[in-house]
Amino acid sequence: MNAYTTIQLKTSTREWSRYRYPRDLFRFAALLATLLGLMFAIDFLGIDLARLLTLFGRVGEVLSERYFPPDVDYVLQGDYLASVVETVQMAYLGALIGMLVAAPLAWFASWNITLSRRVLYPLARLFIMASRSVHEMIWTILFVTVLGFGMLPGVCALVMFCIGFAGKLFAEEIEVIDMGPVEAMRSAGASPLQTFCYAVWPQIQTAWTGIAIYTWDVAFRAATVVGFFGAGGMGWYLKRNVQQLETERVAAILLSIVVLVVISELISAWARHRLNRKRVVNRIETEAEAA
């Protein structure tokens, strides 16, 4: 009996088992730890699970009695429509300025192509992380305290939000590029800016465009409510009517915010579709040229 026959006999006598050690043991232990942690959190916070069963019924009752029907005529008035335009402008400026600042920060915060790993890299990373660690509502409160009420603190808050949001995504895209063209440009004596423009930018252009579209979408959603904290726009009307217990007007404002977010989502989806189609066309053309 040769070695091949021995291995074949051992293989044929092996029995199948649903339980695989140690992978399934770790999986069951993680699942058990998760369930125990969930039970401990529910007990520690004193959450009454029985009340959750009647949650939707009570919410429906409150909406039908206090928020229905929405005062649609209120959101069609000229003053409110002007606040909608202000909100769109605030989101546009915040996203544009934020992404313009986030682009060089992402360059400096990328380990593979940063200009200085000892100075610029940690400083850029720290600034991006600091922008992301504070919620845009908190940024609005801080800027309102310093600059006063109005659109300016709202724009500044959205700028900080977009720097943290887009800067992290931009930097992650740079760190996964192919370093071959970068090394070729450096060996040819190109400057860091030339290297970025001709070796890095062609690889990240499509990804950055998609991130920019997504950043605008998120900034617009944030802009619809930052006015609640003193930045003007639609949020100011929402705050005033909430404080005055004008629930039917509040319902109409919330519906208008939902409609605007849906419109923004449709525009973003259309732009992403165009971008993906352009990406496919460019890939087909590149493959055809290579062939």
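Since this is a predicted model, take the numbers as computed values, not measurements.
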Undergrad: Under 4.0 Å between a Lys/Arg side-chain N and an Asp/Glu carboxylate O for E175 and R125?
TA: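 Here E175 pairs with R125 in a salt bridge, since their nearest N and O are under 4.0 Å apart.
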
Undergrad: Nearest heavy-atom pair of A91 and A219: which atoms, and what distance?
TA: CB-O, 4.0 Å

Undergrad: Can the ring centres of W107 and F196 be said to be less than 6.0 Å apart?
TA: yes

Undergrad: With clusters defined by side-chain heavy atoms of hydrophobic residues (ILVMFWY) lying less than 4.5 Å apart, directly or transitively, does V226 cluster with V261?
TA: yes

Undergrad: Can you measure from CH2 (W208) to CH2 (W201) and round to the nearest 0.5 angstrom?
TA: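 So the gap between those two atoms works out to 6.5 Å.
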
Undergrad: Say whether Y214 and I204 are linked into one hydrophobic cluster, either directly or through other cluster members, by side-chain heavy-atom distances under 4.5 angstrom.
TA: yes

Undergrad: If only atom types and distance count, is the side chain of N241 paired as donor or acceptor with the main-chain N or O of Y237 below 3.5 Å?
TA: yes

Undergrad: Can you confirm whether N112 sits close enough to I177 that some side-chain heavy atom of one is under 4.5 Å from a side-chain heavy atom of the other?
TA: yes

Undergrad: How close do Y80 and V75 get, heavy atom to heavy atom, and via which atoms?
TA: CD2-O, 3.2 Å

Undergrad: Once rounded to the nearest 0.5 Å, what's the spacing between atom CE of M234 and atom CG of L81?
TA: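 If we round to the nearest 0.5 Å, M234:CE and L81:CG are 10.0 Å apart.
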
Undergrad: Could you list the residues that satisfy ring-ring contact (aromatic ring centres under 6.0 Å, His included) with W111, not counting sequence neighbours?
TA: Y121

Undergrad: How long is the gap from CD1 on I253 to CZ on R240, to the nearest 0.5 Å?
TA: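 These two atoms lie 8.0 Å from each other.
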
Undergrad: Using the rule that two of Ile, Leu, Val, Met, Phe, Trp, Tyr join whenever any of their side-chain heavy atoms come within less than 4.5 Å, decide whether L158 and I138 are in one cluster.
TA: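 Yes: a chain of side-chain contacts under 4.5 Å links L158 to I138.
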
Undergrad: Report the distance from atom CD1 of I211 to atom CE of M99, rounding to the nearest 0.5 Å.
TA: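 Answer for the CD1-CE pair, I211 versus M99, is 10.5 Å.
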
Undergrad: Quick check: does any side chain N or O of S116 sit under 3.5 Å from a backbone N or O of V119, one acting as donor and the other as acceptor?
TA: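 Looks like yes, one N/O pair under 3.5 Å.
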
Undergrad: Taking the side chain as every heavy atom from C-beta outward, state whether L142 and W139 have any atom pair closer than 4.5 Å.
TA: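 A side-chain contact under 4.5 Å exists here.
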
Undergrad: So do the side chains of F108 and L123 get within less than 4.5 Å of each other, counting heavy atoms only?
TA: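 F108 does not reach L123 side chain to side chain.
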
Undergrad: Which heavy-atom pair separates S133 from A130 by the least distance, and what is that distance?
TA: OG-O, 2.9 Å

Undergrad: List the atom of Q205, the atom of T209, and the distance in Å for their closest heavy-atom pair.
TA: O-OG1, 2.8 Å

Undergrad: Consider only side-chain heavy atoms of I, L, V, M, F, W and Y, link residues closer than 4.5 Å, and tell whether V218 and I128 are in one cluster.
TA: no

Undergrad: Output a table of donor-acceptor pairs, distance under 3.5 Å, between side-chain atoms of residues 185-194 and any protein atom two or more places apart or on a different chain; print 'none' if there are none.
TA:
unit_1	atom_1	unit_2	atom_2	d
S187	OG	E183	O	3.1
S187	OG	A184	O	2.8
S191	OG	Q194	N	3.2
S191	OG	Q194	OE1	3.4
Q194	OE1	S191	N	3.1

Undergrad: Quick one: does C156's side chain get under 4.5 Å of L147's, heavy atoms only?
TA: yes

Undergrad: Drop me the distance from L105's CG to L100's CG, to the nearest 0.5 angstrom.
TA: 11.5 Å

Undergrad: Quick one: are F220 and Y92 in side-chain contact, heavy atoms under 4.5 Å?
TA: no

Undergrad: Between E136 (side chain only) and A222 (backbone N and O only), is there a donor and an acceptor less than 3.5 Å apart?
TA: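 Pair absent, no side-chain N/O of E136 close to backbone of A222.
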
Undergrad: Using the rule that Ile, Leu, Val, Met, Phe, Trp and Tyr join whenever any side-chain heavy atoms are under 4.5 Å apart, tell me whether I257 and L255 fall into a single cluster.
TA: no

Undergrad: Find out whether W236 and F149 are in side-chain contact, i.e. whether some heavy atom of one side chain is under 4.5 Å from a heavy atom of the other.
TA: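 Side chain of W236 against side chain of F149, heavy atoms only: no contact under 4.5 Å found.
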
Undergrad: Walk me through it: do T195 and I113 pass the test side chain to side chain contact (heavy atoms under 4.5 Å, CB included)?
TA: CA-CA 9 Å; T195 303; I113 65 168; over 6 Å; no

Undergrad: Less than 3.5 Å apart, which donor and acceptor atoms pair up between the side chains of residues 160-174 and the rest of the protein, not counting sequence neighbours?
TA:
unit_1	atom_1	unit_2	atom_2	d
K168	NZ	E172	OE2	3.0

Undergrad: Using 0.5 Å steps for rounding, measure from the CG atom of L266 to the CG atom of D217.
TA: 10.0 Å

